[in-house]
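Numbered from 1 within each chain, the chains take letters A, B, ... in sequence-line order.
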Amino acid sequence: MIMTPTQRIVRALIAWVVVAIFAFPIYFWITVAFKPERDIFALPPKLASFDWNFASFQEVFGISFGFIEGLEVLPGGGNFYMLPRLYDSIIVAVFSTLLSVVIATLASYALSRMRIRGQHHFVFFVLSTRMMPPVAVAIPMFFIYKNFGLLDTYIGVILVHALMNLPLAVLLLKSFFDDIPAEIDEAALIDGASRFTIFRKIVAPMAMGGIAATAVLCFIFSWTEFLFVLTLTQTSLKTVPVVSSTFVTSTGTAWGNMAALGVAAMLPAFIFILLVQRNLVRGLTLGSLKQ
Amino acid sequence: MNPVDRKLWLANVADRYARGKMDRRSFLRASAKLGLSAGALAAGSHLAARSGFGFISPAQAQQQIDWQGDMMAWLKEVGKPFAGQTVRLATESTPPSNAINSALKPYFEEATGIKVEIEVLPLEQVLQKLTLDVASGLGTYDLYYLDQSWMAAFSQDVVDPREKYESNKDLAMPNYNFDDFLKALVDGISMYDGIMCGVPYDIPIFIQMYREDVFEELGLKPATTMAEFLSNAQKIQEAKGPEIYGTTGQMKSGHYSLECDWTAWLWGHGGSVFGPDGKFTGNDEAGLAAMEYWIKLKENMPEGVTSWTWDGQGQSVAQGIAATVLSWGEFFPSWDAPESSTVSGLMNATVPPAATSLRTVEETGYGEIPGVGHQGGSSLAVSKYAKSPDAAWLFAQWATAPETQVHITTLGGGTGPTRTSVYDDPRVLANAKRGIAGTTRHLPAVRETIANHMGSEPDLPEWAEISNDTIPVELGRFWAGEYDNAKDTMDFIKQQVDGIIKG
Amino acid sequence: MQLDAPQGSAVGGIALRGPGRAPRRRRYLTDSPWIWLAPLIAMLLVFALYPLFYNIYLSFHEFVPRKRGLEFVGWENWQKLFDDPRMWGSLWVTLSYTSMCLAIEIVLGMAIALLLDSDDRGFGVLRGVLTLTLVIPPAITGMMFLLMEDAQFGLIPFVLKGIGAMDGTGAILSNPRLALAGVMLADIWQWTPFMVLIFVAGLRALPRDPFESAMIDGASSLQMFIRLTLPMMSKVIAIAVLIRGIDLFRMFDYVFVMTSGGPGTATYTLSLYAWQQTFSFIHWGYGATISLFALFIIVVVANIFVYVTRLRW
Amino acid sequence: MSEVEYDKVAKSYGNVKVMEDISFSIPDHKFVVLLGPSGCGKTTLLRMTAGLETITGGEIRIGGERMNGVHPRDRDIAMVFQTYALYPQMSVFDNIAFSMQIRRRPKKEIREKVEWAAALLDLTPYLKRKPAALSGGQRQRVAMGRALVRDPQVFLFDEPLSNLDAKLRAQMRYEIRRIHDRLEATTVYVTHDQVEAMTMADEIVVMRGGEIMQKGSPDDVYDRPANLFVADFIGSPAINLLRGKAEGAGGAPGVRFNNAVLPAPESSAATGDDLVYGVRPVDIGIAEDGPVKGVVLMAETTGAETLLHVDLEGQELRVVLPERRRFKNGETVSLAIDTANVHLFDPGTEARIV
């Protein structure tokens, strides 16, 4: 589209305004994290003119931002000490992402390259496992996990998150493999490579961008999942979304702490996204332009 | 060590401590090495002043707690065989649980060698956890946090603490004294069908709280009757509204809190949820009078009230936009905390207004006890499926022992003690100061309310569904204007409730 | 050019077949995909099919608190399901929520995608910022909007009242006519950027030539959008609708956190209802029945959708 | 020995038969081109030879051994693809070395072999580059290199030059043939470009619709096309094919087109029989007083040659003159035809009569 300079400026302006509207709730949430408790409910809402302080963060992470206020390091402790929970979240998200990407890569390579009877139906079946209401999965899982001792373990949560992400991952990755010409496989076949060598040395590296995009989506969905973690964990681990309900207490909600955790929890995921942003955008077409 | 290194090292040590990989003493020793005492850590922090909603600051958690009596020594003695066992508890995020989890637990762990894992969750999620645990007979939790409204549902899955106490004298804490628990509480929150389902653990209860400054300015007195409560609200609203509303509420549709508010007004007008025949009676004359009263009262509440649970209600008072309220006493300390409240030092507390008439227990069903002071107490029960029942029993005794309750109370989460002796403890009385986070100056009102004004919900297995869904959902529709009048609402609820009970 | 092969072992070529040794025969062309699919299938069997069958089993039983166990009840739960006005109400709420959110997120997402589909400086940053909404757990998003939509203290009613777009009460989540919209607001805020990402990716992948020739033919922007962009994007849009639609239909977190289904039953979704029956009322059998019914509906709808849009994998 | 033999080879996809009963053999060391329009089955046949498609009937033998079901890597073949199918994430070196790396040949051997191939193909300066940084011709040569280092018994080429520009194509034709001559492997080369076929092949197999139309040397298929299809397909500009009737059998044989009669070689055709008269444009000359007159429609000069489009009784005739000459449109010219190079075809069976 050819645009005049004025049109470009207008377009950029509108774009900035729209994104600002979307970013605003995040800014608001950040202010809540930095506000003194009292100001959170002040009317009219205080959006900038309050004492920025780190109290909420100090409680949530058990560290003092002493370099700012000349305070000593605080020991962790208390109900709202969330650093280990952030760690739990990262472990769960990273490993469930790894697991689902590995499984889905294998499966979608086969779906893309080998002839399978009723392939369309199989893929639809895979997709349909995502259609189950989470509560319907949670109860049976609870009993399986109980029997296999997976309750309240990292492995258990990682497995169920991997499952949850498989349909999307298979769908995405298959489209990426479909984009890679089959002749590459054939050339390698003639060169003497086995299927697995072709997959590992040739095709998977070529689909790396797509795999990265898939990984980001899996990471996000695992990072934000609530009901499975709630049902399948007890005291040994908890991820951020579930632990955020700890702030809802019988004498009120600790909004500042919740916001501090929310803001802090955005960072790891956002860093992950930034690292692969280019691939993400390409990846999300789901290969659907190829008929 | 340069200052930066020192901080990093300390943070690391603190982190290990917090994850339970280091006991308290080693932690203190490690801190001392750096020329810091735990006290210094606390004193140096401005956080000490901060103790808002249901939360004990880490700084306070590090203050040395002075355990009087010989309870800890006894624990050390009897706890030996159980060292290394783990006790698990899923609990609502209430003041005693928070105080124990963030401050007191290490002392118990250190004395006994028993590890305590506390899962802190919102009320409805605790119910979910317990349900699964009970249904699967799994015993992942050794201790159940039982809200009084679930008592009937879980009564078969817990061990009667009196039997437990008697059956194994070696584990029976000396001077535990069951009789020290407030009598009304034991009946109201721990007894179902002759079984004691746990020891009284916490007692949030409706008391009357009000803004002294506003009352003084308008020449009002705390209400002694229902009518006065309404007229107080109306007068304030007229004079101060809409900056300051007459009163406020916790009336979120579909939420248990709405049911709590309703029962207070219902009982206050001589009504009851059930009749002696076990049928719903909220639609009788008294019930409708209560609704009429409530409608008038709501005219003096802020607009957001129908979307608020206790959080919104508490905030509305903390922000100074509501001048009087009948609600949970455990709010009071947070309203007195200068960091989280704009009304610090301005509030006062007294007993609820008297009911126009009250039904007796005999005139109601399922052990319902009418009273304006709606209680939301909870007890701590040892699960029948517990993996370490004895260790759990030790913990339960310790958590509800007088000495521990004193510390919980003075740590300042706003809890209502369940023992007579705690109300009289000098350390508790000493904290009855105005405008501090850990104030206890509302406790006399709490105690008096428990004794004379307490209302308890009925106990029946279906109550969890009725009180968490049927009643608050239909009341929510009523307040949302989906019913023509209160009678239709109540008639419909009756139909639903009676249907549920019949099966 | 040197045509002589280097001296040494290589000259004879790579020894592929020793003399006299028969070549190995294998079914390499009909390579069995099942080894590759095995981990996936194993996962699905354990984590999807087992829950499915378990739910079917549950739907013919009911948890009896007295016995602390299940009791066979036959078709009772299904009977109850079809006679339950709450369930039908929830289904209606779920369907309206899904369709409205979907429509808005598609249209808004497409509009913003068109806006942001530019190589000008700064647009990459804008797209990056937009993805921020995705990394916040919906449970926290719900709390965030709960705070912002509070009738008394909330920012949104404050602003709306300020500009006169709202009457004095300011109630959103406790107003039966607005509550669903209030929940939708959180969903739309969080997931429109997801749509934008998908659509931007789709737009970037479009070939330029048809647009250039259309421009030479004198087509207007709108004509190009309707006649070229939309048809070429139809596959992308279809997949986005499918994936988002599935997730919307199962939505739980927002209503759970923001309204508990209220006021009354104005925002009760099937997922929430199933959750409540299962965990709050301990009616596992009925909860499972509701879940199965929800699954049935979404599978049927998705199948029709896939058939109509001719999506193929 | 590395002759390739096709014995009653058949291929079908489900119920769709794409070829049936294909039998021929390719002698050792020969360069054979499979030629035909797209969809004729030549690529399928090549892929079956490589082992990339299953053989549904008959058998393919390489060096006398049955190949059905043998893994491509065990067939001692190498293949160059139309799209080259290079591994994009590997350097040129690794692309060429891949087959040896998989077989775990010694490092030294691999290096020597790759350098040898690179020198042969002028790729030495590019060994460290990725395929994306190469031109089309260079990529094509990398694909060749990958095949070369295998030292296969049989080279398979699938339209390897179709993505190159005309000049490069001409050069690569020469290179490929040279390499073939040097390495003495058997080569099967698929193309739809008859120029490639004519210039490179020892033998051409012309295919259409899954059937073999003719197999023979380039001279054979050019000079003695078996049927109308082969005649039409081979040669550029294409042969003139005119429908007419036989006349003057015995005395002065000819073929009549309305009023004109073109001279024809003797044949078994009786007067009045329908015939297709084929004569290549280069076999028609301009004579001062030739027996046939035509009207110039258009003349194209390409520098060394002149291509005339001549109207002959309503049918267009192409004439190539080996010189540059100017004609006016509408000018009448006389044409001379060498009957020795005229072919007659039966329009029914399409087979060549003479």
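- In this structure, chain B has no heavy atom under 4.5 Å from any part of C:Glu149.
- Remark: C:Ser59 engages C:Trp78, C:Thr289, C:Leu292 in a side chain to side chain contact (heavy atoms under 4.5 Å, CB included) (not counting sequence neighbours).
- With a 4.5 Å cut-off on non-hydrogen atoms, B:Pro461 does not touch chain C at all.
- Residue B:Ile321 touches chain C through its side chain alone, counting heavy-atom pairs closer than 4.5 Å.
- If you measure heavy-atom distances from B:Glu482 to chain C, the contacts under 4.5 Å come from the side chain alone.
- For B:Asp193, there are no side chain to side chain contact (heavy atoms under 4.5 Å, CB included) partners, not counting sequence neighbours.
- Annotation: maximal heavy-atom pairing with chain C below 4.5 Å, among B:Asp469, B:Leu258, B:Thr306, B:Val473, occurs at B:Asp469.
- Distance check: B:Leu132 CG to C:Trp284 CH2 gives 5.0 Å after rounding to the nearest 0.5 Å.
- The stretch residues 84-101 of chain C places C:Arg86 near chain B, each with some heavy atom under 4.5 Å from a heavy atom of that chain.
- Contact of B:Tyr245 with chain C is made through the side chain alone, with heavy-atom distances under 4.5 Å.
- Nearest approach of C:Ser280 to B:Leu127, heavy atoms of both residues: O-CD2, 3.9 Å.
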### Task
Start with the C-alpha gap between C:Phe279 and B:Glu124, add the side-chain angles, then the distance that decides, and say whether side chain to side chain contact (heavy atoms under 4.5 Å, CB included) holds.
CA-CA 9 Å; C:Phe279 288 121; B:Glu124 61 272 19; over 6 Å; no
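- Remark: the backbone N or O of B:Gly254 is not paired with any side-chain donor or acceptor of C:Ser260 at under 3.5 angstrom.
- The backbone N or O of C:Met258 lies less than 3.5 Å from a partner atom in the side chain of B:Lys252, making a donor-acceptor pair.
- Proximity to chain B is absent for every atom of C:Asn175, based on heavy atoms less than 4.5 angstrom apart.
- Of the listed residues (C:Ser174, C:Gly154, C:Gly261), the one with the most heavy-atom contacts under 4.5 Å to chain B is C:Ser174.
- Residues B:Ser253 and C:Gly264 approach most closely at OG-N, 2.5 Å, considering heavy atoms.
- Heavy-atom pairs under 4.5 Å with chain C were tallied for B:Ser316, B:Ala464, B:Gly312; the largest tally goes to B:Ser316.
- In terms of non-hydrogen atom pairs under 4.5 Å with chain C, the most contact-rich of B:Glu474, B:Lys129, B:Glu465, B:Arg477 is B:Glu465.
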### Query
Passes side chain to side chain contact (heavy atoms under 4.5 Å, CB included), B:Trp308 versus C:Gln152? Steps please.
CA-CA 10 Å; B:Trp308 289 342; C:Gln152 194 67 39; 3.2 Å; yes
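- Here the CG-CD distance, from C:Asp150 to B:Glu303, works out to 11.5 Å after rounding to the nearest 0.5 Å.
- Nearest heavy atoms, B:Ala480 versus C:Pro263: CB-CB, 3.8 Å.
- For a residue to count as touching a neighbouring chain, one of its non-hydrogen atoms must lie under 4.5 Å from one of that chain's; by this rule B:Trp479 does not touch chain C.
- Proximity to chain C is absent for every atom of B:Thr309, based on heavy atoms less than 4.5 angstrom apart.
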### Message
Evaluate B:Ile500 against C:Phe281 for side chain to side chain contact (heavy atoms under 4.5 Å, CB included), listing each step before the verdict.
### Response
CA-CA 11 Å; B:Ile500 289 170; C:Phe281 317 147; over 6 Å; no
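- Listed by chain and number, the residues in a side chain to side chain contact (heavy atoms under 4.5 Å, CB included) with B:Asp459 are B:Met151, B:Ala152, B:Tyr192 (sequence neighbours excluded).
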